Amino acid sequence: MKHLIITCLILATYTSTAVADLTVFSGRKEPLIKPVIEAFTAETGIEVRLKTGKSTALGQQILQEQPRPTADIYIAKESGSLEYLRGKGAFETYESRETKRIPERFKARDGSWIGVSGRSRALIYNKDLIDASDLPQSIEELSDRKYRGQIAAVNAGNESFIAWISGLRLHMGDEAVAAWLKAMKKNKIQLLSSSHTDIRKAVGRAEYPMGLINHYYYHLQKREADEELTNVGVVYLDQKDDQRGELVNVSGAAIVKGTANMTQARQFIDFLASPKAQDLFANANFEFPLIADVEVNPEVVAAMGCEPGTPALDCLHVMDVHLDEFGSQMKTTLEILDEVDWY
Amino acid sequence: MRMSLRRLPAVLTALLMVVPVVATLIYAASVDASIWIRLWENRIPRLFFTSMLLVAAVTVGSIVLGTLLAFLVERTNLPGRKIFRPLLIAPLVTPCFIIAITYVNFFGIRGVGQKMFGAMGINCNLPNIYGFWGAVGIFVLGTFPYVYTIVLASLSRLDPSLSEAARCLGASRRERMWRVSLPLLLPAISAGSILVALYVFSDFGVVSILRYSTFVNMIYEQISGRYDFAVASSLSTVLMGITFILVFFQDLLTKKRQFSNTKNKRYNLPRLDLKWARLPAFVFVFAVLGFALILPVGVLLYWFVQSLGVDSVWGSNARELFRSGFNSLLISSLAATAAVLLALPLAYWNVRDRNSRWGKICAGASQLGVALPGVLIALALSLVLGQFFPRLNFSVTALFLAFVIHFFAKAYQMTRAGLIQLSPRVEEGARMLGCSPVQTFWLITRPLLTPALMVAWIFVFLSSMRELAASLLLRPAGFDPLTVKVWIAASEGFYEQAAAPALLIVILSLPMVMIMARHQGQYQSSLEST
C-alpha cells in the first residue's frame, strides 16, 4: 500500500513539471526574458519550459548533459559564456534570413550563437548624494581618494563584470588591470553581491552615491514606482576621443547541440531576431536592439546626450574589442579577480 | 563477522549518506596545490573568522532567548502564557531567508518601515540592517524556536526532587540554579544549539541578502559562477572539517554529562511569581513574537495586497503558483517519507542488536550528512550523478536525493530515540504468541512508534519546504519549488511577486508546525539522545 502511494507520488511529481515543446535555459533574469517567451508562445503556439539561473551555472549543466541535453536553447547574458560553450562544441550552428539581420560583430563567426540585445557598462549615481560636476569621467578616476567607500559594485560572481574586466585587460594589460583592481579595493569599493539589481537599488535608496552597472539598470531604477527612489543619473565613462570608451557586450542565444526539437529551436532563434522580440528588449528593458528596423528607446539615447532616433552605438564611444575573445580570456580574468580577492 | 542479507537496506542507506563526503574529498584531492595556497593566503582565514563569529553569536543568542522564553512560559506566572506557548514555535513556518527579505525592506533606507513611521509623523533612521549584526538578529529570530521547543519540554519534566534535595542540603537559590537546574537542562540546550549552529553554517540565503560573506555563500558563488569546481570543493572541504569538529564536540559534551531524566512524567511545580516584572516580561515576549512572526508575515501580507493591484506580472499567475506549491509539497513529502523509511532498518539494527560493530559503523557513517550544508550536498551530488548517471543529474530525483541526504541524520536520530523507548519485551511477546516478524512490526511496533516517526517525518518535511540552495542548483527546468520562486522574484526586487509564494510556504507549513508543537515531548526526547 505504502509503496503504491509512493509510486503514485513519484509519477505525479514527474508529470507535475510543465508540459512543453521547447526547453529554454536562460541566464537572463526571469522578468527580462519571460515577456519575450510569452510573445513567442502567443505567436507560434509552442509551449516553452523555462529554467532561469546564472549563465555559468546553466552553461555548466549543458556541458554536463552532453550528448543528451535537456535544454534546446541556451540564453546567456553576455558573450563570454556563449564563446566558452562554443569552444566546447556545445552548440548547433544555424543561419537564416532572420539571423542575417544581426550585424556580424554581434554574433559568432561560425553561426553557433547570435547576439539578441546590446548593453553598455555605465555608472549610476544618486543626485541627492553627489553633484554632477564631482562625478568621475574615467575608470582611472574611480580609485581617486575622494571616492573612497562611495562606489558600489558587483563581486566576481557576475558574468557581465567578468567580461568587462576581460575587455579592460585587452586594453590595459594584465598588470595594469590587477593594479587598478587592487587600488579600487584599497579605496573601499563596496562589493554588495553578484547582482546588479542590488547595486541599482542601493544607489536609488541613497545607500551609496555611485554604482557600476550595465546601462539599462539605470533606466529600470528610473522606472521604480516610488518617486523617492528615482532621483538617479547615469554617466558613461571614458567617452573622450583619446579614451578607450565603454564596453558594449551582448546577451545572446544558441541552439544546444543534440536537441531533439530542432524545428522549434530554430523558430525560437528566428523569433529573437525578429522586430517583435527586439522591440521588447529595446522598450521593456532599455537595451540596444541589434537589428536596423527597431529603434533604441528614446530615453536611452537621451541619457547619452543624443537626439532621439540616433542609433545608440553611434552615440556612444564604444570600446574596441572583439566579443569572441571573451571566452578564451575568462580563465585569466577569473584568476586575477581571485588574486585580488574580489569578493 | 558475517552480515546477513537483511542488513542490506541499512548498509546501502549508510553508503548513500557517505557519498557526498567522499565525492567532495576526492574532488578536492585533485585540486591544484597553487589554488590551495592562494586560498589559504587570503580567503580561508577571512571566511573562517566571519563564519565562526556569526555561528557563535547566533548560537549564544538563540540559547539565551530560547531558554529565557521557555522559562517564562513554563515556570512563571507570565500573563498569556497558554497562548504564547504554542505560538512561540510558529516562527519556524517562515524560512529565515524570507524573514531577511522582509527585514531588509522594512529597515532599509526609504523602506517600508521608514514610510510607516513617516506616515505617523515620525522621521527617523532605522538601524542599519546589513552586515554582521543584522544577520545575527535575523538568524536568532529564525532559529530560537529550535532551542525553545527542546528546553521547554525538558523543563516540563524536570524532576523537582533533585532541587529539593539540594535545598535540604543548604544550597542557596542561585547555587541550585547553577549546579542543579542548569546542568539538568544542558543536554537539551546543547541539542538545540547544535541544530542552530548547523543551520547557520548551511543557510546561504540570509547571509547573501545581508551582504555578509561566509563559507556557504562563497561556495554557492563558486558553484554557480565557475566552470571548474576547484575552489568550491576546496572551500567545501574546509567547511566540512569545521562542522565535523563541531558535531564531534557536541557529542562529547552530551555523552560526558548524561543527567537527563528518563522518567516520562510531568511535574506540576509552583510557578515563580514575576511580581512587578509581569508586564515587562509580557511586553518582551510579545515583542519577540512581533519581530519573529508578525513583522515578516505582515510585510508579506502588505506586498500581497499590493500585488493584487498590479496586473502586469511577468506571467507568474495563479496556475504557476499552485504548480509550484504542488511541487514543493510533493518533493518535501517524498523526501520525508523516504528518509523515515530508510531510517527504520538502520535504527532497528542499531537498537535491537546493540553489540553489532557494523551496525555502529553504519549508523555513524549515516550521520555524516548532518554536518553538510545543502550547497555542498548539491555540489557533490551533481558531481557524482554527472559522472555516473548523467540522466539523473538536474532532475527531480536529484533534488529528492539531496533532501533525503541532507535531512536523513535527524530523521534517524528521532526514529532511533523512539525505538529505544520501546521495550523489546513487547515484540518478543508477540513473536512468542506466533506472530511473524512482519506481523509483529505491523501490529505492535508500528503503532507504538508512530509518534516518533511522525515527528521525524514532519521535521524532514518542514526542512525540505524551507530548503533553498540545493533547490536552486539541482532543480530541472519547469520545476520550481516555492522557495525558488520567492528567491527569483525577490532577488530582482519584485517583492509583490515574492509575497504570494512566500505566504503559501507559511500556510502549507503551519499545520505541520502545530502538530509538532503538540508532540513537543517526543521531539525533545528524540533530540536529546543525539
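Just so we're on the same page: letters track the sequence lines, and every chain starts at 1. In this text the structure is predicted, and so the values were computed from the model without any measurement.
Residues B:Met218 and B:Arg46 have side chains in contact (heavy-atom distance under 4.5 Å, counting atoms from C-beta outward).
Both the backbone and the side chain of B:Arg475 have a heavy atom closer than 4.5 Å to some heavy atom of chain A. Both the backbone and the side chain of B:Arg226 come within less than 4.5 Å of a heavy atom in chain A. Proximity to chain A (any heavy atom under 4.5 Å) is restricted, for B:Phe229, to the side chain, taken from C-beta onward. For B:Leu473, the part lying under 4.5 angstrom from a heavy atom of chain A is the backbone only. Neither the backbone nor the side chain of A:Gln190 comes within contact range of chain B; no heavy atoms are under 4.5 Å apart. For chain A, the nearby part of B:Ser491 is the backbone; its heavy atoms alone come within less than 4.5 Å. For a residue to count as touching a neighbouring chain, one of its non-hydrogen atoms must lie under 4.5 Å from one of that chain's; by this rule B:Gln222 touches chain A with the side chain only. Neither the backbone nor the side chain of B:Val484 comes within less than 4.5 Å of any heavy atom of chain A. Within the 4.5 angstrom heavy-atom criterion, only side-chain atoms of A:Asn155, from C-beta onward, approach chain B. Only the side chain of A:Leu63 has a heavy atom closer than 4.5 Å to any heavy atom of chain B. Both the backbone and the side chain of A:Leu192 come within less than 4.5 Å of a heavy atom in chain B. For B:Phe400, no part sits under 4.5 Å from any heavy atom of chain A, backbone or side chain.
The aromatic rings of B:Tyr495 and B:Trp303 lie parallel to each other, their planes meeting at an angle below 30°, with 60° marking the opposite boundary. Using a 30° and 60° split on the angle between ring planes, A:Phe161 and A:Trp342 fall in the parallel class, below 30°.
There is no side-chain donor-acceptor pair under 3.5 Å between A:Thr23 and A:Thr70. Using modelled atom types, one finds a donor on one side chain and an acceptor on the other under 3.5 Å when comparing A:Asn261 with A:Asp72. Checking A:Glu78 against A:Ser81 by side-chain atom types alone, a donor-acceptor pair falls below 3.5 Å. Side chain to side chain, A:Gln61 and A:Lys51 meet the donor-acceptor criterion of an N or O pair below 3.5 Å.
Closest heavy-atom contact between B:Ser213 and B:Thr50: O-OG1, 2.9 Å.
Taking a cutoff of 4.0 Å between a charged side-chain nitrogen and a carboxylate oxygen, A:Arg200 and A:Glu224 qualify as a salt bridge. Look at A:Glu83 and A:Arg86 and you find a salt bridge, because one of the NZ, NE, NH1 or NH2 atoms lies within 4.0 Å of a carboxylate O, short of that distance.
Your options are B:Ser224, B:Pro390, B:Gly225, and the one with the most heavy-atom pairs under 4.5 Å with chain A is B:Ser224. Most heavy-atom pairs under 4.5 Å with chain B, from the set A:Thr197, A:Ile33, A:Ile162: that is A:Thr197. Comparing A:Glu228, A:Met330, A:Arg68 by how many heavy-atom pairs each has under 4.5 Å with chain B, the most go to A:Arg68. Taking chain B as the reference chain and counting heavy-atom pairs below 4.5 Å, the highest number among A:Lys29, A:Glu335, A:His196 is found for A:Lys29.
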